[in-house]
Amino acid sequence: MAYNFTTIEKKWQEYWLTNKTFRAFDPDEAGDMPKAYILDMFPYTSGQGLHVGHPEGYTASDIYSRYLRMKGVNVLHPMGWDAFGLPAEQYAIRTGKHPRLTTEENIRNFRRQIQMLGFSYDWDREVDTTDPNYYRWTQWIFLQLFNSYFDPMDQKAKSIGHLINELQNGDFLVAPDGTIHLNPVQEGMEALSGQSSLLREWKDISPDEQRDVIDGQRLAYMDEVAVNWCPGLGTVLANEEVIDGKSEVGGFPVERRPMRQWMLRITAYGDRLIKDLDLLNWPESLKEMQRNWIGKSIGAEVDFDLVVPRLPEEDEVPTVTVFTTRPDTLYGATYMVLAPEHPLVDRIATSAQKAEVAAYRQQCATKSDRDRMADAKEKTGVFTGGYAINPMTYKPIPVYIADYVMMGYGTGAIMAVPAHDQRDYDFAMKFNIPIRQVVKPVSGELPAGRAFEEEGIAIDSALINGQTTAEAKQTMIRALEAESIGVGATKYKLRDWLFSRQRYWGEPFPIVLDEQGNAYAISEKELPLTLPEMEDYKPTGTPEPPLTRATEWRKYQRDGKQYLRETNTMPQWAGSCWYYLRYIDPKNPKQFIDPVKEKYWMPVDLYVGGVEHAVLHLLYARFWHKVLFDLGHVSSPEPFMRLVNQGLILGEMEFHAFTKPDGSPVSADELSDIAEEMLDKTPTMTGTHKTTGQKCLGRRVDIEAVEKSGPKFVLKSNPSSAVDARAFKMSKSRGNVVNPDAIVKDYGSDCLRLYEMYMGPLEMQKPWSTRDIVGMSRFLNGVYRNLLGDDEAPSTTPRVAAAPVPDDLDRQLHRTIKKVAEDIEGMRFNTAIAELIKLNNELTHLQPVPKNVADAFALLLAPFAPHLAEEVWSRLGHAKSLAREPWPTFDPAKLVESVLELPVQINGKLRDKITVPADASEETILAAALAAEKVQPWIQGKSVKKKLYVPKRLVNIVVA
RNA sequence: GCAGGAGUGGCGGAAUUGGCAGACGCGCUGGCCUUAGGAGCCAGUGCCGAAAGGCGUAGGGGUUCGAGUCCCCUCUCCUGCACCA
């Protein structure tokens with residue numbers, strides 16, 4: 001009979017909650033306990049509830065936390081809710097309920113589901129990003145950003161007050177574009193020619209302009225930029241939220257349009273965000289994704305003089321600045337390309353070319369990002385009719401516009417070096433532009449028919465001939481700087497973080513605007529600024545945010561002056577940027593965190609979550625953390641020291657058989673690019689026939705209709721026809737989503753936990769298989785039966801008694817203790833469970849089970865199946881929870897075997913096995929090996945060349 | 001195209017890092033028990049072969065007494081980025 005997991009699990013969950021079993025101790029109560037902060041990525045509380053992917057990571061971190069607690073560690077293991085943002089609001093609109101209500105419902109449901117899985121969270125620390133007591137501090141951090149700037153010398157954030165001081169002292173000067181520059185005189189440097197004459201001192205600037213300069217330096221600033229406007233969602237989106245030209249949420253098309261928006265100056269931190277990755281124990285692939293996203297490239301900006309008639313108001317020759325990572329190839333620049341949107345295009349285009357240029361620009365503007373990507377193979381562009389002067393060769397080079405150069409990166413203009421850049425090469429071939437080699441390989445020949453992009457030796461470049469690429473770059477940059485025609489420069493692909501959304505369900509900005517649209521912070525004392533109650537919170541469908549309708553709420557008065565509140569709201573990611581800090585001091589009404597507690601708990605020792613947050617949450621949170629660090633609010637430069645990604649859990653394996661358009665069956669191995677596609681709004685499997693190119697459609701076939709034949713699966717009814725076998729991502733539309741509620745009801749949460757951990761290595765992607773769960777169910781039932789017996793009467797433990805431990809069992813026990821601890825520390829939970837199963841199998845026929853073995857078993861099982869372990873532990877006569885019971889220790893002496901069974905190989909092939917005493921000498925063992933029965937025929941009549949004995953491993957005899 | 005990861009029985013996956021390939025679980029086969037159930041217990045289960053034995057870690061080559069593990073080449077799948085100058 002199965003043990004009653006439902007009753008047992010409920011009982012212990014209540015016990016843990018009432019007794020606050022997993023309370024983390026504050027620094028003053030912790031004594032000399034070591035600390036560990038074990039963090040899960042908190043869930044976004046969608047209307048769908050928990051899916052089986054959540055418990056995977058949560059169980060892993062829970063096992064680790066429970067293990068550490070038993071090792072005497074003070075563990076902080078909290079949980080909370082990420083609940084502001086688009087999906088919650090979309091759900092509310094769909095169900096016709098206010099997002100506050102749906103969010104409350106969703107949180108209740110998530111809490112119920114998570115608590116039913118028995119995780120050892122400290123529930124007194126629960127946070128909810130939509131709680132005004134929480135988002136008050138999100139707004140407070142925004143004010144920190146608003147009141148700071150990035151100091152270019154110290155490479156860190158400082159208060160705006162400090163900047164004003166510097167400007168007043170004359171340490172900084174202001175350029176015509178509003179950017180600030182070090183005062184060369186003050187710094188004892190020679191005045192830069194040209195530019196410096198345009199720099200002005202603070203005192204020479206009007207108050208209005210002064211405010212603009214300051215506002216332009218803030219880490220949170222407003223700017224008119226080309227943004228991703230998503231009409232389907234009625235809001236703008238960050239670059240990170242746009243995938244292949246569509247919104248990540250909902251998959252709606254996104255268009256670029258200029259709008260005035262809040263931005264966070266994450267680009268200032270690009271360099272530190274890359275560099276500090278080295279401090280982190282994160283998966284290499286994830287670090288690489290962040291490096292790619294930030295996209296740092298080092299090179300130079302070079303000014304090219306334009307060959308155009310000078311306008312009367314210009315006192316110098318107009319120039320175009322290009323960015324290049326290969327300044328060593330400057331001599332090879334044979335043409336120039338501007339992005340179609342580049343502001344100088346009109347200035348350069350000749351009257352003869354104007355029409356063609358305008359037509360091309362029009363064509364680019366209407367092309368979606370998607371089309372642009374699809375057309376990437378074929379270069380397009382038009383000649384402007386204008387020329388620029390190559391500053392090294394003094395030769396005029398034609399200026400083109402082409403959509404392979406983007407306005408958003410670098411300077412929006414490139415010097416094209418077709419000999420050493422494949423894109424430029426393709427373009428030059430199409431437009432018959434000369435190609436000039438200026439780098440040759442260190443050895444070997446220049447490749448024919450393509451660009452030579454690798455490093456080499458400079459040739460045909462007077463200034464740098466014979467230099468290696470690295471040397472030549474340096475020489476060139478020095479020369480450019482000396483001539484004031486260029487400067488070494490570093491560019492990032494990363495854009496500043498677009499931080500406002502035209503939606504209701506988010507944190508309001510603690511900002512008011514005057515009539516001119518200038519932004520002012522409200523005071524910290526006015527926080528939290530809560531969302532107004534609104535009947536109609538739906539998006540307006542225009543860039544006008546719904547909060548604009550809250551006319552009373554908007555009004556704000558200070559010092560007799562009227563202002564209007566900012567009506568944009570913050571994006572979904574704001575609350576999750578710092579939640580890990582609030583857990584440390586969740587109820588503090590005075591500060592966002594107590595510095596003593598912060599110092600004690602931070603940084604996070606282990607962070608477990610999905611890889612889907614690689615460039616969103618994890619980049620944003622690191623950015624905020626660094627700002628808080630610079631401003632002295634937190635003590636560590638990085639928040640998450642070790643990070644582990646759990647692998648995706650896919651749906652059950654599916655098989656698909658394919659048919660040609662005419663309906664005849666086709667084998668899956670004749671197809672390529674098999675994938676799911678939306679046809680008539682239904683997800684359909686399609687494949688392209690390798691030879692005919694026909695599109696073939698797949699249909700799902702049952703596993704019973706399929707068998708394995710060689711390396712592939714085929715139809716039983718038609719064994720010549722291979723079927724496609726794969727597991728898909730779980731999705732509602734596929735109908736392959738597994739609901740944890742159902743699994744817990746049928747098998748219990750201990751079983752679900754065990755199954756998810758037993759599926760394979762944590763980081764790997766793996767298919768769900770409901771059929772396999774029964775294995776873990778049998779294991780748990782076996783444990784119950786072996787220790788507590790079939791009798792479910794609560795006080796009896798008939799199978800356990802004080803008894804001597806048989807040698808074999810003792811060895812297995814100590815092996816298990818060793819292996820389980822090692823595997824938990826290495827997060828190899830699948831093999832730890834295998835070892836527990838082995839120990840349990842040893843107990844199956846033992847009567848009685850020795851008490852100390854039963855005790856140890858309960859403790860070893862506790863991190864994995866905590867409910868059953870507590871039940872066993874209590875029924876074995878222990879009064880208190882085992883949550884802080886010391887972890888069992890093993891005796892290395894108990895692990896050694898008294899006799900060895902050694903394999904004997906002849907020429908590396910296994911032929912026999914011999915059993916020898918563990919302390920036998922090498923000669924004895926070799927002699928025994930040669931004498932072994934099945935070895936004899938193999939050495940008879942042959943000469944033994946070599947006898948190898950690998951201690952405690954094997955014997956290998958080499959014969960001629 | 002670039003970067004990262006992976007490829008082991010019918011399935012999920014083990015293998016202390018160069019030393020008995022397939023631990024453990026599912027499934028399957030046979031048996032026992034039975035108030036017949038999706039319960040429990042025992043035995044077996046990589047492939048070929050009656051056996052001896054042979055063959056086996058995507059494919060091909062190499063290093064080694066010995067290779068799933070190290071080196072070279074090729075193929076397939078996944079994930080990310082993708083005209084980023």
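Just so it is clear, the values below take in all heavy atoms, side chains as well, and ignore hydrogens, waters and symmetry mates.
- A straight line from CD1 of A:Ile773 to C1' of B:C11 spans 15 Å, rounded to a whole angstrom.
- Here A:Arg815 does not reach the OP1 or OP2 of B:C24: none of its side-chain N or O atoms lies under 4.0 Å away.
- Counting only N and O atoms by type, the side chains of A:Gln812 and A:Asp808 include no donor and acceptor under 3.5 Å apart.
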**Item:** Contact state string [nucleotides 47-53 of chain B, B base, S sugar-phosphate only, - no protein heavy atom under 4.0 Å]
**Value:** -------
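- Base orientation at B:G9 is syn, since its O4'-C1' glycosidic dihedral falls within 90° of 0.
- Residue-to-nucleotide proximity on RNA chain B shows that, of A:Thr325 and A:Leu954, the 5′-proximal contact is made by A:Leu954.
- B:U57 and B:A21: their C1' atoms are spaced 7 Å apart (whole Å).
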**Request:** Summarise how protein sits on nucleotides 65-80 of chain B as a single string, 5' to 3': B when a protein heavy atom is under 4.0 Å from the base, S for sugar-phosphate-only contact, - for no contact.
**Result:** BS-----------S-S
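- Residues A:Glu301 and A:Thr411 have side chains that never bring a donor and an acceptor to within less than 3.5 angstrom of each other.
- Across all strands shown, A:Met764 has heavy atoms under 4.0 Å from sugar-phosphate atoms exclusively, and none from any base.
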**Request:** Give the intermediate values and the outcome of side chain to side chain donor-acceptor pair (under 3.5 Å) for residues A:Tyr404 and A:Thr380.
**Result:** CA-CA 8 Å; A:Tyr404 84 93; A:Thr380 62; over 6 Å; no
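- There is a side-chain donor-acceptor pair under 3.5 Å between A:Ser297 and A:Tyr409.
- At a threshold of 4.0 angstrom between heavy atoms, the contacts of A:Pro761 are confined to the sugar-phosphate backbone, with no base atom among them.
- A donor-acceptor contact under 3.5 angstrom links the side-chain atoms of A:Tyr747 to the base of B:G38.
- Without hydrogens or angle criteria, A:Lys766 side chain to A:Pro761 main chain gives a donor-acceptor distance under 3.5 Å.
- Comparing A:Lys766 and A:Pro903 along RNA chain B, the residue whose closest nucleotide (by nearest heavy atom) sits nearer the 5' end is A:Lys766.
- Atom-to-atom, CZ of A:Arg291 to P of B:G4 comes out at 11 Å; the value is rounded to the nearest Å.
- Residues A:Glu835 and A:Thr831 bring no donor and acceptor atom of their side chains to less than 3.5 Å of each other.
- Taking atom CG of residue A:Asn786 and atom C1' of nucleotide B:C41, one finds them 12 Å apart after rounding to whole Å.
- Among the heavy atoms of the strands lying under 4.0 Å from A:Ile837 are primed sugar atoms or P, OP1, OP2 only; no base atom is included.
- Counting to the nearest Å, the C1' atom of B:A85 and the OH atom of A:Tyr425 are 19 Å from each other.
- Closest to the side chain of A:Glu288, from the set B:G19, B:A85, B:A3, is B:A3.
- Between the CE atom of A:Met776 and the C1' atom of B:C11 there is a distance of 14 Å, given to the nearest Å.
- For the pair A:Glu288 and A:Arg291, the salt-bridge criterion is met [side-chain N within less than 4.0 Å of a carboxylate O].
- Using a 4.0 Å heavy-atom distance criterion, A:Lys909 is classed as a sugar-phosphate-only contact.
- A salt bridge does not link A:Arg326 to A:Glu453: none of the charged side-chain nitrogens sits closer than 4.0 Å to a carboxylate oxygen.
- B:G56 and B:U8: their C1' atoms are spaced 10 Å apart (whole Å).
- Between the side chains of A:Tyr949 and A:Asn956, no donor-acceptor pair is found at a separation under 3.5 Å.
- For B:G25, neither phosphate oxygen OP1 nor OP2 lies less than 4.0 angstrom from any side-chain nitrogen or oxygen of A:Arg778.
- Across all strands shown, A:Val774 has heavy atoms under 4.0 Å from sugar-phosphate atoms exclusively, and none from any base.
- Checked against B:C20, B:G25, B:C83, the side chain of A:Lys379 finds its nearest nucleotide in B:C83.
- The separation between A:Phe713 atom CZ and B:G9 atom P is 10 Å, rounded to whole Å.
- Look at A:Tyr758 and you won't find any side-chain N or O under 4.0 angstrom from OP1 or OP2 of B:G25.
- Across B:G19 and B:U29, the matching P atoms stand 37 Å from one another, rounded to whole Å.
- Within the 4.5 Å cutoff, the side chain of A:Ile957 has no heavy atoms near those of the A:Lys946 side chain.
- Here, B:U63 and B:A14 have their P atoms 31 Å apart, quoted to the whole Å.
- When distances run from any side-chain atom of A:Asn841 to the nucleotides B:G27, B:C24, B:A15, the shortest one goes to B:C24.
- Side-chain atoms of A:Thr831 lie closest to B:A14 of the nucleotides B:C24, B:A14, B:C26.
- Among the atoms of the strands shown, only primed sugar atoms or phosphate atoms (P, OP1, OP2) are found under 4.0 Å from some heavy atom of A:Lys838.
- Between the C1' atom of B:G27 and the CD atom of A:Glu652 lies a distance of 13 Å, rounded to the nearest Å.
- Annotation: side chain of A:Val899 is not in contact with side chain of A:Val916 (no heavy-atom distance under 4.5 Å).
- A salt bridge between A:Glu842 and A:Lys838 is absent, with no side-chain N of the basic residue lying under 4.0 Å from a carboxylate O of the acidic one.
- Distance noted for atom P between B:G12 and B:U17: 27 Å (whole Å).
- Side-chain contact between A:Leu910 and A:Leu954 is absent, with no heavy atoms from C-beta onward closer than 4.5 Å.
- Comparing the P positions of B:U64 and B:C71 gives a spacing of 16 Å, expressed to the nearest Å.
- A close approach under 4.0 Å does not occur between any side-chain nitrogen or oxygen of A:Arg828 and OP1 or OP2 of B:G13.
- Across all strands, A:Ser769 comes closer than 4.0 Å to no nucleic acid atom at all (heavy-atom distances).
- Here the separation of B:A15 from B:A23, taken at their C1' atoms, is 8 Å to the nearest Å.
- Although no hydrogens or angles enter the test, the distance criterion places a donor-acceptor pair under 3.5 Å between the side chain of A:Asp823 and the main chain of A:Ala832.
- Annotation: B:G59 and B:A52 have their C1' atoms spaced 31 Å apart (nearest Å).
- At whole-Å resolution of the value, CG in A:Leu836 and P in B:A14 are 16 Å apart.
- A:Gln290 places a side-chain N or O within 3.5 Å of a backbone atom of A:Ala614 that can act as its donor or acceptor partner.
- Closest contact between the side chain of A:Arg953 and the listed nucleotides B:A85, B:U16, B:G27 involves B:U16.
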**Request:** Whenever both distances are under 3.5 Å in a Watson-Crick or G-U wobble pair, mark it; put RNA chain B into dot-bracket that way, with [ ] for crossing pairs and | when the partner is on another strand.
**Result:** (((((((..(((......[....)))((((((.......))))))(((....)))..(((((..]....))))))))))))....
